[in-house]
2 protein chains.
Amino acid sequence: MEEQDIIRALGALAHDIRLRVFRALVVAGPEGMTPGRLGEALTVAPTTLSFHLKELCNAGLLLQARSGRNLIYRADYARMGALMAYLTENCCAGDACAVTPPSCTNC
Amino acid sequence: MEEQDIIRALGALAHDIRLRVFRALVVAGPEGMTPGRLGEALTVAPTTLSFHLKELCNAGLLLQARSGRNLIYRADYARMGALMAYLTENCCAGDACAVTPPSCTNC
DNA sequence: TCCATAATTCAATTATTGTTGAAATGTATT
DNA sequence: AATACATTTCAACAATAATTGAATTATGGA
């Protein structure tokens with residue numbers, strides 16, 4: 001992941017609506033969610049939501065697919081993982097930022 | 001760390017100069033760096049650099065101290081760690097985003 | 001005290017982002 | 001084909017962030 005992509009991804013997540021959208025999609029899992037359901041769950045107007053979904057897509061954090069007349073948005077876990085990896089490698093030092101994932105608690 | 005703090009931290013890092021500044025300070029370690037050295041190393045004008053250092057401070061990612069007529073900026077590793085923890089817990093799912101830190105490679 | 005250095009603050013300007021409602025697109029149903 | 005629904009695109013506007021040079025604050029040394 002290029003530095004420019006990192007900046008775009010960070011910028012995309014640095015907004016309350018977008019962070020909430022992304023979290024909701026992470027929770028939703030592989031099934032994803034439609035803009036309709038998202039807007040209902042988060043109380044965001046369709047136009048506003050569409051704008052932010054596009055931002056997240058452009059940043060590469062979401063994947064879009066069509067199902068009938070609905071669009072389905074999904075979190076791109078691989079992209080998020082790449083972002084985490086970048087931050088861990090470049091913006092952390094020593095143990096200070098060492099985040100211990102659940103699977104490693106016994107290390 | 002409150003959601004609002006997360007957004008500010010992400011927003012602070014979502015800028016090329018600020019990301020480079022933060023990385024340089026992470027690399028510099030506990031000794032930190034002065035704006036003078038940073039500006040030299042990164043080729044950023046004093047006023048511009050000062051603006052971005054302030055942004056990073058406001059976001060809680062940097063610590064500031066004075067030493068004679070120099071100011072010394074340091075990365076706040078704990079804050080960065082808290083940011084990483086938040087993202088790991090809230091924006092990742094399953095193994096897809098599981099970042100394996102160096103110390104855990106044998107797990 | 002006076003000067004030089006390090007860095008910040010201020011104010012004006014420009015550029016980028018975010019919001020909103022109206023209009024348009026695409027798809028399913030009858 | 002006609003209608004309804006889900007969603008996006010467009011265009012105008014409002015708000016926020018970034019850049020720049022000049023002026024200011026703070027410290028140390030002659």
Side-chain angles (χ1 to χ4, degrees), chain A residues 3-25 28 31-76, chain B residues 3-25 28 31-76:
Chain A
E3 179 173 307
Q4 211 48 41
D5 297 321
I6 298 295
I7 289 169
R8 290 180 104 194
L10 290 171
L13 292 175
H15 184 281
D16 64 333
I17 291 179
R18 290 194 298 259
L19 187 58
R20 271 155 50 209
V21 165
F22 189 75
R23 286 208 294 168
L25 291 176
E31 280 190 29
M33 277 176 102
T34 63
R37 291 229 302 112
L38 275 168
E40 217 172 87
L42 307 176
T43 328
V44 178
T47 301
T48 302
L49 181 57
S50 189
F51 170 80
H52 291 299
L53 284 169
K54 193 175 165 189
E55 291 289 297
L56 285 163
C57 276
N58 289 341
L61 289 166
L62 297 189
L63 299 169
Q64 190 196 52
R66 183 173 280 277
S67 164
R69 56 185 158 192
N70 296 302
L71 285 176
I72 297 179
Y73 286 94
R74 299 184 174 85
D76 187 335
Chain B
E3 180 173 308
Q4 210 50 40
D5 298 322
I6 298 294
I7 289 168
R8 291 180 104 193
L10 290 171
L13 292 174
H15 185 281
D16 64 334
I17 292 179
R18 291 193 298 259
L19 187 59
R20 269 154 51 209
V21 165
F22 188 75
R23 286 207 294 168
L25 292 176
E31 282 189 29
M33 277 175 102
T34 63
R37 295 228 346 319
L38 274 169
E40 218 172 85
L42 306 177
T43 328
V44 178
T47 302
T48 303
L49 181 57
S50 191
F51 171 80
H52 291 300
L53 284 168
K54 193 174 165 190
E55 290 289 297
L56 286 162
C57 276
N58 288 341
L61 288 166
L62 297 188
L63 298 170
Q64 191 197 49
R66 183 173 280 275
S67 165
R69 56 185 156 193
N70 295 303
L71 287 176
I72 297 179
Y73 286 94
R74 298 184 175 85
D76 187 335

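So that the names make sense, note that chain A is the first sequence line, chain B the second, and so on, each numbered from 1.
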Would you indicate which nucleotide in [options] comes nearest to any side-chain atom of [X]?
X: Ile17(B); options: dT19(C), dT8(D), dT19(D); value: dT19(D)
X: Arg66(A); options: dT7(D), dT27(C), dT19(D); value: dT27(C)
X: His52(B); options: dT19(D), dC10(C), dT9(D); value: dT19(D)
X: His15(B); options: dT27(D), dA18(D), dT8(C); value: dA18(D)
X: Thr47(B); options: dT9(C), dA18(D), dG18(C); value: dT9(C)
X: Arg69(A); options: dT8(C), dG26(C), dT8(D); value: dG26(C)

For this session: Report which part of the nucleic acid Arg37(B) touches: base, sugar-phosphate, or nothing (heavy-atom distance under 4.0 Å, all strands).
Result: nothing
Exercise. NA contact type, Pro46(A), heavy-atom cut-off 4.0 Å: base, sugar-phosphate, or nothing?
Worked result: base
For this session: Go through the steps for Ile17(B) and Leu42(B) under the test side-chain contact (heavy atoms from CB on, under 4.5 Å), then give the verdict.
Result: CA-CA 8 Å; Ile17(B) 292 179; Leu42(B) 306 177; 5.8 Å; no
Value in whole Å for how far the [atom2] atom of [N] lies from [atom1] of [X]:
X: Leu42(A); N: dT19(C); atom1: CG; atom2: C1'; result: 17 Å
X: Asn70(B); N: dA4(C); atom1: CG; atom2: P; result: 19 Å
X: Glu55(A); N: dT17(C); atom1: CD; atom2: P; result: 7 Å
X: Leu71(B); N: dT27(D); atom1: CG; atom2: C1'; result: 10 Å
X: Leu38(A); N: dT7(D); atom1: CG; atom2: C1'; result: 12 Å
X: Lys54(A); N: dC10(D); atom1: NZ; atom2: C1'; result: 10 Å
X: Gln64(A); N: dT27(C); atom1: CD; atom2: P; result: 12 Å
X: Arg8(A); N: dT16(C); atom1: CZ; atom2: P; result: 13 Å

Would you please confirm or rule out a distance under 4.0 Å between OP1 or OP2 of [N] and any side-chain N or O of [X]?
X: Thr34(B); N: dA7(C); value: yes
X: Thr48(A); N: dG18(C); value: no
X: Tyr73(B); N: dA6(C); value: no

Exercise. Taking for each residue the nucleotide of DNA chain C with the nearest heavy atom, is it Arg18(A) or Gly68(A) whose nucleotide lies nearer the 5' end?
Worked result: Arg18(A)
Seminar exercise, completed: Tightest non-hydrogen contact, residues Leu49(B) and Gly39(B), listed as CD2-N, 3.5 Å
Problem set entry | Taking every non-hydrogen atom, the tightest pair across Met33(A) and Leu25(A) | CB-CD2, 3.6 Å
Exercise. Given Gln64(B), which of Leu71(B), Leu56(B), Leu53(B) fulfils the side chain to side chain contact (heavy atoms under 4.5 Å, CB included) condition?
Worked result: Leu71(B)
Exercise. Should the heavy atoms of other residues, nucleotides or ligands under 6.0 Å from CZ of Arg8(B) be counted, would the total exceed 12?
Worked result: no
